[in-house]
There are 2 protein chains.
Amino acid sequence: MARAATTTDSFNAIAEPRRRAILTLLAGRESPVGEIAEALHLAQPSVSKHLRVLRQVGMVRERRQGKQIFYQTRTESLQPLHAWVSEFARFWSHQLERVRERAEAAPPSPVLKR
Amino acid sequence: MARAATTTDSFNAIAEPRRRAILTLLAGRESPVGEIAEALHLAQPSVSKHLRVLRQVGMVRERRQGKQIFYQTRTESLQPLHAWVSEFARFWSHQLERVRERAEAAPPSPVLKR
DNA sequence: TTGACATATTCCCATATAGGAATATAATGA
DNA sequence: TCATTATATTCCTATATGGGAATATGTCAA
């Protein structure tokens, strides 16, 4: 079997660097396809294809205005990803906490010394 | 061209559901390959292959003990992912804030009615 | 309708899987 | 050294790309 389709879920969709770039670009503001292509130095068909994937997994929203189609990132669609990755943050934050504890215990705080 | 190699970066590595499962399983505790295979109902060669990918992108650490090799997730390796996704959290939290504001402004607060 | 502009889709192709089966390696104990 | 146990690797194959080029579709204005 081959790898799962990129259109399966957001984890697969963001495996492509350009798609990540598109999502970042469209997070704050809407842009038409042409502008995306220009901003990221990509061919128009390429952008359209990536947008198709992102659309299929629900990561962008589109709005037609005349001849142009404005796309924008549906930031909420990144919540599942965020939730999954955040589970791991617990572990490394434990380490950070330990570092912080050590830092707070050792340093020049004469008052609390002893 | 085909998709970028899964061994390129963590974004590609976690595109595979089983690799995500492995990372989750090994986040808290170490386990030898056989145990991973059993826990996730996967064939041993399959697990070894996924571990190889995870190793190549630095997402797991290994420790040999006799015939067994214990693997564990290097949770810090998920920090770049976390950082990237978190950028988007800003946006949706804005929305949540707006919802909250509206909720606080509209409801049964006769005092502020005008 | 025709022309022009903005996007989307289709075709073709080199490449990267991921799984299954078989086999190779490594480590240990007799 | 040999057998055994635990992993890793190789081989083969069906499948999913992602880019480039060419073409189709959609929208608007004259």
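Basis for what follows: all heavy atoms, side chains included, without hydrogens, waters or symmetry-related copies. Just so it is clear: chains get the letters A, B, ... in the order the sequence lines come, proteins before strands, and each one is counted from 1.
B:His50 places its NE2 atom 12 Å from the P atom of C:dT17, with the value rounded to the nearest Å. If you take CG of A:Leu54 and C1' of C:dT7, they are 15 Å apart, rounded to a whole angstrom. Atom CD in B:Glu16 sits roughly 7 Å away from atom C1' in C:dA18 (whole-Å rounding). Protein atom CZ of B:Phe70 is 16 Å distant from nucleotide atom C1' of C:dA26, rounded to whole Å. Remark: P of D:dG18 and CZ of A:Arg18 are 9 Å apart, rounded to the nearest angstrom. In this structure, B:Gln68 atom CD and C:dG29 atom P are separated by 13 Å, rounded to whole Å. Rounded to a whole Å, the CG atom of A:Leu51 is 16 Å from the P atom of C:dA6. A straight line from CD1 of B:Ile69 to P of C:dA27 spans 8 Å, rounded to a whole angstrom.
In this structure, the nucleotide among C:dA8, D:dT7, D:dG19 sitting nearest to the side chain of A:Val33 is C:dA8. When each of D:dA6, C:dT9, C:dA18 is scored by its nearest atom to the side-chain atoms of A:Lys49, the top-ranked nucleotide is C:dT9. You'll find that the side chain of A:Ala5 is closest to D:dA16, out of D:dA16, C:dT10, C:dT17. Closest to the B:Ala2 side chain, of the nucleotides D:dT9, C:dT15, C:dT9, is C:dT15.
Regarding contacts with the backbone of D:dA8, a side-chain N or O of B:Tyr71 is found under 4.0 angstrom from either OP1 or OP2. Between C:dA18 and B:Ser46, no contact under 4.0 Å exists linking OP1 or OP2 to a side-chain N or O. Regarding contacts with the backbone of D:dG18, a side-chain N or O of A:Arg19 is found under 4.0 angstrom from either OP1 or OP2.
A side-chain contact (heavy atoms from CB on, under 4.5 Å) with B:Tyr71 is found for exactly one of B:Arg61, B:Arg55, B:Met59, namely B:Arg55.
Residue A:Gln44 is classed as a base contact, given a heavy-atom separation below 4.0 Å to a base. Residue B:Pro45 is classed as a base contact, given a heavy-atom separation below 4.0 Å to a base. Base contact: B:Ser48 has a heavy atom under 4.0 Å from a base atom.
A:Glu16 has no carboxylate O lying under 4.0 Å from a charged side-chain N of A:Lys49, or vice versa, which leaves the two without a salt bridge.
A:Arg19 and A:Asn12 get closest at one heavy-atom pair: NH2-O, 3.9 Å. Nearest heavy atom pair, residue B:Arg29 against residue B:Ser31, reads NH1-OG, 3.7 Å.
Both A:Ala43 and A:Arg3 lie close to DNA chain D; mapped to their nearest nucleotides by heavy-atom distance, the more 5′-ward contact belongs to A:Arg3. The nearest heavy atom of DNA chain D to A:Gly66 and to B:Ala4 marks one nucleotide each, and the one closer to the 5' end goes with B:Ala4. Where A:Glu35 and A:Met1 meet DNA chain C, the nucleotide closest to each residue was compared, and A:Glu35 sits on the side nearer the 5' end.
Looking at A:Phe88 and B:Leu23, their side chains come closer than 4.5 Å, going by heavy atoms from C-beta outward.
In this structure, A:Glu38 places its CD atom where only 12 or fewer heavy-atom neighbours from other residues, nucleotides or ligands lie under 6.0 Å away.
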